Amino acid sequence: MSALRIMILCGRSARHLHVANVLCQAADPVAIVQETGGEWNLKKTLKKLRPDNLLRKVWRWLRDRRRYTGNPEAKFFFPDGNPRLDRPELVREVPHINHPEVVRLARELQPDLICVFGTSLIRGELLNQGRLGIINLHGGLSPEYRGADCTFWALYNGEPDKVGCTLHYIDAGIDTGRLIAHISPAVREGDTELVLFWRAVQDSAQVYAEAIQRLAHGHALGVTQPGKGRLYQVKDRGLRHEQALADKLPGMLAGLDLPRRVRWFAAEERQERAA
């Protein structure tokens with residue numbers, strides 16, 4: 001068995017770098033593409049400057065500045081040093097992930113698989129690239145929790161057992177492609193939203209690597225999602241939701257001790273295991 005040639009599309013936060021590093025060890029990486037968000041046009045600028053959008057962005061910036069003081073995400077994923085990629089020589093930067101340069105690169109490098117985590121929504125011709133398709137790591141359990149802030153919403157809805165990530169094939173929808181695996185982290189008393197999300201991502205990186213290796217062995221992975229579930233958007237999360245979760249989270253997690261859980265979705269079988 002030869003390692004799959006993979007092209008990684010990811011963000012630039014510590015969690016994205018961690019997942020990219022794990023995937024590089026599991027396969028033969030040919031490129032790591034990161035979007036800079038540096039391409040603007042008049043329509044995009046005017047939308048960003050709308051009073052409702054501007055107010056929402058300022059509030060989120062203030063919230064995240066408080067939550068991320070001291071760079072706790074970097075310390076979680078890289079406790080021994082600064083966040084870094086193990087293969088920096090493979091990095092290609094683009095203004096946005098659907099830039100023509102990404103499609104050109106995929107056609108030139110001919111990866112077996114395109115692996116995604118932490119980019120904006122993939123559209124257009126890029127969806128047709130990759131011999132085995134495109135796989136994404138989503139920070140919620142699809143289809144019930146699709147979109148943004150899914151760890152937050154699972155906790156807000158009083159469902160800590162539904163905190164987790166989904167590994168799935170990408171199609172034209174938002175987190176609607178064929179399911180490969182659900183990864184649910186350990187949940188313990190005293191956990192916070194961010195710690196649970198990071199723990200889910202950390203666990204998911206290993207499952208992502210295992211999925212690549214299963215595909216390299218010819219395993220058939222992926223089943224159609226059983227319904228549309230619910231799509232959460234960034235704008236859905238407001239101050240009143242934050243305050244409500246802050247009030248009820250300690251009591252919700254009191255005495256809770258859920259183990260790490262992984263559920264695989266294979267074409268031939270479905271199996272669930274605790275690990």
Side-chain angles (χ1 to χ4, degrees), residues 14-16 18-23 25-26 73 76-77 115-118 135-170 174-215 217 219-232 245 248-275:
R15 62 184 182 274
H16 305 135
H18 170 76
V19 171
N21 288 341
V22 173
L23 298 186
Q25 295 173 9
E73 181 178 308
F76 185 92
F77 288 101
C115 301
V116 181
F117 177 47
I135 291 179
N136 179 54
L137 178 60
H138 160 59
L141 297 184
S142 293
E144 193 166 356
Y145 287 95
R146 298 187 295 114
D149 293 321
C150 291
T151 298
F152 173 87
W153 289 112
L155 295 171
Y156 179 85
N157 292 337
E159 298 181 317
D161 57 309
K162 294 183 180 177
V163 167
C165 294
T166 299
L167 198 60
H168 66 93
Y169 286 100
I170 286 184
I174 301 176
D175 306 322
T176 55
R178 289 179 295 137
L179 300 175
I180 296 173
H182 278 166
I183 306 97
S184 301
V187 182
R188 310 183 187 103
E189 184 172 359
D191 283 339
T192 65
E193 174 204 349
L194 285 177
V195 166
L196 287 171
F197 174 52
W198 295 336
R199 191 180 295 149
V201 169
Q202 191 174 58
D203 292 344
S204 297
Q206 299 301 325
V207 176
Y208 210 153
E210 184 177 343
I212 292 172
Q213 291 167 349
R214 290 189 182 202
L215 290 171
H217 281 94
H219 294 187
L221 301 176
V223 299
T224 301
Q225 295 197 29
K228 294 183 178 180
R230 178 168 177 179
L231 175 66
Y232 292 90
L245 180 58
K248 64 185 178 182
L249 186 61
M252 185 193 312
L253 300 187
L256 198 63
D257 189 13
L258 296 177
R260 174 181 182 267
R261 292 141 288 146
V262 179
R263 182 180 182 182
W264 288 93
F265 299 91
E268 303 87 1
E269 61 178 353
R270 295 186 182 188
Q271 67 180 43
E272 189 168 355
R273 62 181 172 88

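Below, all heavy atoms of this structure are taken into account, side chains as well, without hydrogens, waters or symmetry copies. Everything numeric here is computed off the predicted structure, so don't read it as measured data.
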Kindly give the heavy-atom pair with the smallest separation between L253 and R188, and that separation in Å. CD1-O, 3.8 Å
Taking the six-membered ring for Trp and the single ring otherwise, decide whether the centroids of F265 and H168 are under 6.0 Å apart. no
Steps toward side chain to side chain contact (heavy atoms under 4.5 Å, CB included) verdict (W264, R214): CA-CA 11 Å; W264 288 93; R214 290 189 182 202; 3.4 Å; yes
Ring-plane angle category for H217 and H219, please: parallel below 30°, perpendicular beyond 60°, tilted otherwise. tilted
Test your reading of the model: is there a side-chain donor-acceptor pair from T166 to the backbone of G140, 3.5 Å cut-off? yes
Within a strict 4.5 Å, meaning less than it, do heavy atoms of the L249 and P160 side chains meet? no
Would you compute the distance between atom CZ of R15 and atom OG of S204 and round it to the nearest 0.5 angstrom? 12.5 Å
Can you list the residues that meet the salt bridge (charged side-chain N to carboxylate O under 4.0 Å, His left out) rule with E189, with sequence neighbours excluded? none
Would you tell me whether N157 and Y145 have side-chain atoms, one donor and one acceptor, within less than 3.5 Å of each other? yes
Between the OH atom in Y232 and the CZ atom in F152, the distance rounded to the nearest 0.5 Å is 10.5 Å
Which pair of non-hydrogen atoms, one from F117 and one from L137, has the smallest distance, and what is that distance? CD1-O, 3.3 Å
Cationic tip of R178 above Y169 ring, under 6.0 Å, 45° of axis: yes
When rounded to the nearest 0.5 angstrom, what is the spacing between CD1 in I212 and CD in Q25? 11.5 Å
State plainly whether the residues R261 and D161 are in salt-bridge range, i.e. N to O under 4.0 Å. no
Y208 side-chain N/O to I135 backbone N/O, donor-acceptor pair under 3.5 Å: yes
If only atom types and distance count, is the side chain of R263 paired as donor or acceptor with the main-chain N or O of I183 below 3.5 Å? no
What is the minimum heavy-atom distance between A186 and R199, and which atoms define it? O-NH1, 2.7 Å
For the side chain of R146 and the backbone of I174, is there at least one donor-acceptor N/O pair under 3.5 Å apart? yes
Would you check if T176 and S142 make a side-chain contact, meaning some heavy-atom pair closer than 4.5 Å? no
Does the pair K162/E144 count as a salt bridge with the N-to-O cut at 4.0 Å? yes
Without swapping roles, check the side chain of E193 against the backbone of T151 for a donor-acceptor pair under 3.5 Å. no
Identify the heavy atoms of G164 and P185 that sit nearest to each other, and give their distance. CA-CD, 3.9 Å
May I ask you to decide if H18's main-chain N or O and N21's side chain share a donor-acceptor pair within less than 3.5 Å? no
Rounded to the nearest 0.5 angstrom, the CG-OG1 distance for L245 and T192 is 10.0 Å
Step by step, work out the side chain to side chain contact (heavy atoms under 4.5 Å, CB included) result for F76 and Q202. CA-CA 9 Å; F76 185 92; Q202 191 174 58; 3.8 Å; yes
What distance do Q225 atom CD and L179 atom CG have between them, rounded to the nearest 0.5 Å? 4.0 Å
Shortest non-hydrogen contact from G147 toward L231: CA-CD1, 3.6 Å
Is it true that atom NZ of K228 has more than 12 heavy atoms of other residues, nucleotides or ligands lying nearer than 6.0 Å? no
I want to check something: taking the side chain as every heavy atom from C-beta on, are L194 and E73 in contact at a cut-off of under 4.5 Å? no
Could you give the distance from SG (C165) to CZ (F197), rounded to the nearest 0.5 Å? 6.0 Å
Looking at every non-hydrogen atom in both residues, tell me the closest pair between L23 and A205 and how far apart they are. CD2-O, 4.5 Å
Check step by step if side chain to side chain contact (heavy atoms under 4.5 Å, CB included) holds for S184 and V163. CA-CA 6 Å; S184 301; V163 167; over 6 Å; no
